Amino acid sequence: MPVDLARISLQEAALLLQSRAISAVELTQFFLDRIAALNPQLNAYITVDAAGALLGARLADARLAAGTATPLTGIPLAVKDLFCTQGLRTTCASRMLADFIPPYESTVIRRLREAGMVILGKSNMDEFAMGSSNETSFFGPVCNPWDTRRIPGGSSGGSAAAVAAGLCVAALGTDTGGSIRQPAAMTGITGLKPTYGRVSRYGMIAFASSLDQAGPMTRTVADAALLLQGMAGHDPLDSTSIDQPVADYAAQLQSGEEALACLRGLRIGIPQEYFIEGVSAAVRQALQAAMATFTEMGAICQPVSLPCTDYAISTYYIIAPAEASSNLARYDGIRFGYRCQQPVDLLDMFARSRSEGFGAEVKRRIMLGTYVLSSGYYDAYYRKAQKVRRLIADDFHAAFGQVDLLLTPTAPETAFRIGEKDADPVKMYLSDIFTINVNLAGLPALSLPCGFDAHNLPIGMQLIARPLQESLLLTAGHGYQQVTDWHKRSPL
Ligand code: GLN
């Protein structure tokens, strides 16, 4: 059977490249053609770098010929448009940075380029990664390839849509409160948020620095392992990066048999607070079925409690905007980024550059953040939120005294319609109710497909592990994908 390149996994693509059955240039050209055909409807990419990608592909072919290739050499990648890419426009989906060409490379991109990956372009996202639906982008919303009237999730919605629609082999996302996992769930792909500090944040445009973390968005768990391998590791340029060796994620996954063996006796906790009102019947059923599958594979599912779950959204919407208001203070119209026309004086330039350069959601966050940090309210809001953050982390710690992994829905419902939650920010914020806690606690978590609803929209489940236990997450997810085929379905 001829290989369908649009559905190919990273693992399969690497084998084709290494056996020279296809060249990196051919593979790259295939995706560039597909992007040209499908991106006008989906809007998954803000910038396509055909010339840069083909150049990268030629270099990759030379390495493949010379025998110096890595498993990532020649693999076409979509990059969320908040990783600084030297010489390639990086907009953060904002008017503020619509013309910004970074003078330096982010660490993740440097590592992946050194491994030989081919960057197809920069994918669409919510402005400054603030959103759950990819509707706040200055460059327009992204459509979900499963139903183009619906959102792909956010903020890494362009990366998710690109993977689901076969407009790349794999993609990079970032996750501050769910932005890798929630769009992965909405588009039927696999997304991993690593432990805070596992992947360097250097050169990632900051949203909330104590929560931001980059990770892989792929078609399979095994692919996520390969891509994470290329991304992870200590970086002296990021003081929060963890100085510990990176496990050999990919090698640990090689045998499906071993993955299954590892599931036997594994204790999986089901947080009771996550099966609340607002979780759709289809999501509930899919999760029940996933629990049954894990049980059949020999795992033991048992209830656990995370009592502070209710406070996560409020805590996050104090801490994240507080950090954002500080991080976004640098956009003042002076050094770089958008500058208003004909300012009358300096103050007018600051004020108008910021009010014209930022969209409504970003301004809402800056105002919220400035408010909670202001001297009269700091103790009541920011300090209290920090204390609750600790209680939330303590809940997880206690749960991990009883179980090895947690299993939850990734999002309460499947993809909603474009425009459906626009008018009500709180409704929008609730889409991340199951993912935000994980960022507050700094833990690694994986979202993977576990079913479909009656509208043929994908459903995602989330596995959460102790800090630095990405290997266990990947093994459990890989084991699940050995016995299920949800991840193999495709919208196009
Ligand atoms: N949806 C959440 C927010 O708007 C999380 C975004 C993210 O993870 N970048 O803040």
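Remember, it's 1-based here, ligands and their atoms both numbered in the order they're listed. These numbers come from the heavy atoms of this one structure, side chains and all, not from hydrogens, waters or symmetry mates. Keep in mind that what you see is a predicted model, and the values were worked out from it rather than measured.
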**Message:** So Leu112 and Leu172, do their side chains get closer than 4.5 Å, heavy atoms only?
**Reply:** yes
With atoms numbered from 1 as shown, which atoms in ligand 1 lie under 4.0 angstrom from a non-hydrogen atom of [X]?
| X | result |
| --- | --- |
| Tyr317 | 2 (C), 3 (C), 4 (O), 10 (O) |
| Phe207 | 9 (N), 10 (O) |
| Met130 | 4 (O) |
| Ser155 | 9 (N) |
| Ser179 | 5 (C), 6 (C), 7 (C), 8 (O), 9 (N) |
| Tyr316 | 2 (C), 3 (C), 5 (C), 6 (C), 10 (O) |

**Prompt:** Does ligand 1 have an atom that lies less than 4.0 angstrom from a heavy atom of Ala320?
**Reply:** no
**Message:** Looking at ligand 1, is there an atom of it that comes within less than 4.0 Å of some heavy atom belonging to Gln182?
**Reply:** no
**Prompt:** Is Gly154 in polar range of ligand 1, meaning some N or O pair under 3.5 Å apart?
**Reply:** no
**Message:** Using a plain distance cutoff, I'd like to know if Ser132 has any nitrogen or oxygen under 3.5 Å from a nitrogen or oxygen of ligand 1.
**Reply:** yes
**Message:** Ignoring hydrogens and geometry beyond distance, is a side-chain donor-acceptor pair present between Lys80 and Ser159 at under 3.5 Å?
**Reply:** no
**Message:** Within the 3.5 Å criterion, strictly below it, is a donor on Ser305 or Gln272 matched to an acceptor on the partner's side chain?
**Reply:** no
**Prompt:** Ring centroid separation for Phe128 and Phe358, is it under 6.0 angstrom?
**Reply:** yes
**Residue portion contacting ligand 1 (non-hydrogen atoms closer than 4.0 Å) for Arg365** = side chain
**Within reach of ligand 1, part of Ala129 (heavy-atom separation under 4.0 Å)** = both
For the residue pair [X] and [Y], categorise the inter-ring angle as parallel (less than 30°), tilted (30 to 60°) or perpendicular (more than 60°).
| X | Y | result |
| --- | --- | --- |
| Tyr331 | Phe336 | perpendicular |
| Tyr316 | Phe207 | perpendicular |
| Phe434 | Tyr274 | parallel |

**Closest approach of any protein heavy atom to atom 1 (N) of ligand 1, naming residue and atom** = Asp432 OD2, 2.5 Å
**Prompt:** Do other residues, nucleotides or ligands put more than 12 heavy atoms under 6.0 Å from Tyr381 OH?
**Reply:** no
**Pairs involving residues 371-391, ordered by first then second residue, that meet salt bridge (charged side-chain N to carboxylate O under 4.0 Å, His left out) (sequence neighbours left out)** = Asp379-Arg383
